[in-house]
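Lettering of chains follows the sequences in order, A, B, ..., and the numbering in each one begins at 1. Given the structure is predicted, the values throughout are model-derived calculations rather than measurements.
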Amino acid sequence: MADYTNLEKIRLEKAQQLKELGVDPYPRRVKRTHTIQKASDAFLAIEDDQEAEPVQAVLTGRIRSVRPMGKITFAHIEDGTGRIQLFFRADDIGEDQVSFFDDHYDLGDFIQASGKVFRTRSGEISLRISEYTMLAKAITPLPAAKDEVVDGEVVQHATLTDPETRYRQRYADLAVNPDVREVFRTRTKTIRAIQHFMDSKDFLEVETPVLQPIYGGAAAQPFITHHNQLKQDLYLRISFELYLKRLLVGGFERVYEIGRDFRNEGVSFKHNPEFTQMEFYWAYADYQDVMGLTEELFAFVVEEVMGAKSFTYKGQEISLDQPWQRVDLREGIIDTTGIDIHKYKTATGLAKAMKSLEMEFNPKAARGKLIENILDHYLEPTFIQPTFVYDYPREISPLAKTKEGDPNTVERFEGFMGGVELCNAFTEINDPVDQEERFLEMGRSYSEGEDEHHPLDEDYLRAMRYGMPPNGGFGMGVDRLVMLLADKHTIREVLLFPHLRETEK
RNA sequence: GGGCGUGUAGCUCAAUGGUAGAGCAGUGGCCUUUUAAGCCAUUGGUUGGGGGUUCGAGCCCCUCCACGCUCACCA
């Protein structure tokens, strides 16, 4: 049984009183005739017409402020479309009905209110109440003090700000912070825009297994689960890649998927154990083609969501109105650090060069990891405007085709903006023999002291042996894109229910 | 996992080692066009949990928990 606070006990008592008076505080039926927005619009349309019938409306919403003044009471209610003031007056409904409202209704309660829309002396569009009824009694007070409306804007006073409570009780956060609701509208708009764009390019949206007997397509620890009847361990997917490419073997030329990936790893401002990914695979295309499509995709999404070809992130304007900057990874590293990675063919040599420049790195890292480390720490933060970095070391890209004449470099790029990595793409390997070797290479590098082991996906290789068209693939962290567009600096602000540690009791 | 920081009333925040407070919300009054309405009165606390030092701890020490920032990790 819940442990009620004193404030909650008072409200429970009010609910009980309603029941004793024969009023159901949680009735089954509602009769709404207008949303608040529609009622206001209807009023504005006839306001100047002396002959017009007044707007009669039955509105529903949550009580957000109350001002009792003796024989009249003002209150504001809020529905999904806006706010409106309610005006209870003894001359209209009798003193008993005004004080009944004052005595039994609280901030946060859902109410149904009927009456005429009018404008008060001070000029605010309001509903002159003729009848009202409880729709849902709120027992726990919303974690907000009060708000007022200034020039149509809701100004909040001492609302909920504690991040832990906001994430653990997102329902309360949403109920009280309209800007948080707006973030999640932006999130949905972003996903819709991606779908519209991909659909318009004849990509087929598909769904592939979340429960997989073998995980792959990325280097990450999986979550493991078990199918009882089949007596089989299964993994939650860490990527969609290997399933989507099987579809290219099957004859689909352009496929994409938007969905959840699960990685059993650290939680940070840009990592959540489950996150949303978009991947596409495009037959007969290479990574240069994918770069072009990526530019178009982002330009489209930003324009759809933001209504402009640019947006502001951390105070910096990011423009999608021109081709992205293109940086060769090797040259980028030379320009920023002076190190030419081609001159250092081993991890020890490269580490030595990094050490002489007093760069920080993990001494146990392989050469490819060191290069990635340089990219992450020294180049990535400088890529504010949209930037592609291309041509990566082979050893950190086991699914990407090598460059012609350069077996140590692969046709791969990553996209950045706002100093954040957003996407990753390459010309995909479609030679089954090459792919098997690369998998084995990967297995070896992990077995050298790493706890990560990588299962070999024989079925994926079998699929490829049937013949896979040359293709370009692309993956993008959707949460991070939403972070950019909503100008939020932690992934938790763009996840409705971010993962938090369980609390005791 | 490491470092730094935070945790006080429903919410937002105060409080030299010396009686735990304020605003809002709540409760009881007054008030027929208010806008965080106003005025008078008033309730509400295991100061995140546990232990210690001290005549005395919200404050100092130890420990545990949660959250935040950050580093590490993160084809």
Q | Minimum-distance nucleotide (side-chain atoms of A:Q85 versus B:U33, B:C74, B:U35) | A | B:U35
Q) Rounding to the closest angstrom, what is the interatomic distance between B:G58 and B:U34 at atom P? A) 47 Å
Q: Classify the side chain of A:S122 and the base of B:U35 as holding, or not holding, a donor-acceptor pair under 3.5 Å.
A: yes
Q | No-hydrogen, no-angle side-chain donor-acceptor test under 3.5 Å, A:Y281 and A:E279 | A | yes
Q) Are the aromatic rings of A:Y132 and A:F101 close, with centres under 6.0 Å apart? A) yes
Q: With a 3.5 angstrom cut-off on both distances, give the Watson-Crick or G-U wobble partner of B:A57, or none if there isn't one.
A: none
**Q.** Out of B:G68, B:U33, B:C74, whichever nucleotide has its closest atom nearest the side chain of A:R121
**A.** B:U33
(Q) Please report whether the ring centroid of A:Y215 lies less than 6.0 Å from that of A:Y235. (A) yes
Q.
Tell me if the NZ atom of A:K352 is crowded by more than 12 foreign heavy atoms within 6.0 Å.
A. no
(Q) Checking base pairs now: Watson-Crick or wobble, both atom distances under 3.5 Å. What partners B:G26? (A) B:U42
Q) What nucleic acid atoms does A:R11 come within less than 4.0 Å of, heavy atoms only: base, sugar-phosphate, or nothing? A) nothing
**Q.** Candidate list A:R64, A:K14, A:R62, test salt bridge (Lys or Arg N to Asp or Glu O under 4.0 Å), partner A:D106, passing option
**A.** A:K14
Q.
Taking B:G2 as the reference, what is the distance to B:G17 when you measure between their C1' atoms (whole Å, please)?
A. 32 Å
Q | Nucleotide of B:C31, B:U35, B:C74 approaching A:M69 most closely (side-chain heavy atoms) | A | B:C31
Q. How long is the line joining CG of A:D162 and C1' of B:C69, in whole Å?
A. 15 Å
**Q.** Residue A:R128, side-chain atoms from C-beta onward, closest of B:U27, B:C67, B:U33
**A.** B:U33
Q) If you check every side-chain atom of A:K14, which of B:U33, B:C74, B:G26 has the closest atom? A) B:G26
Q: Establish whether the base of B:U34 is bridged to the side chain of A:T120 by a donor-acceptor pair shorter than 3.5 Å.
A: yes
Q: Output all residues satisfying side-chain contact (heavy atoms from CB on, under 4.5 Å) with A:A366, sequence neighbours left out; order by chain, then residue number.
A: none
Q) Which atom pair, heavy atoms only, marks the closest approach of A:D79 to A:T60? A) CB-O, 3.4 Å
Q) So what does A:F87 touch, heavy atoms closer than 4.0 Å: a base, only the sugar-phosphate, or nothing? A) base
Q | Under 4.0 angstrom between A:H499 side-chain N/O and B:C67 OP1 or OP2 | A | no
Q | A:E124 CD - B:U34 P separation (whole Å) | A | 11 Å
Q: Rounded off to whole Å, could you give me the CD1-to-P distance for the A:I139 and B:G26 pair?
A: 15 Å
(Q) How many whole angstroms separate atom CG of A:L107 from atom C1' of B:G26? (A) 10 Å
Q. Between B:G23 and B:U63, how far is it from one C1' atom to the other, in whole Å?
A. 36 Å
Distances for protein N/O vs nucleotides 43-48 of chain B N/O pairs under 3.5 angstrom?
none

Q: Report the distance from atom CD1 of A:I63 to atom P of B:U35, rounded to the nearest whole Å.
A: 20 Å
Q: Any strand is fair game: report the nucleotide pairing with B:A14 by Watson-Crick or G-U wobble, both distances under 3.5 Å, or none.
A: none
Q) Using a cut-off of 4.0 Å on non-hydrogen atoms, how would the nucleic acid contact of A:R168 be classed: base, sugar-phosphate, or nothing? A) sugar-phosphate
Q.
Measure CD/A:Q17 against P/B:U27 and give the value in whole Å, please.
A. 11 Å
Q: For B:C4, give its Watson-Crick or G-U wobble partner with both distances under 3.5 Å, or none.
A: B:G68
Q) Any side-chain donor-acceptor pair under 3.5 Å between A:Y287 and A:D391? A) yes
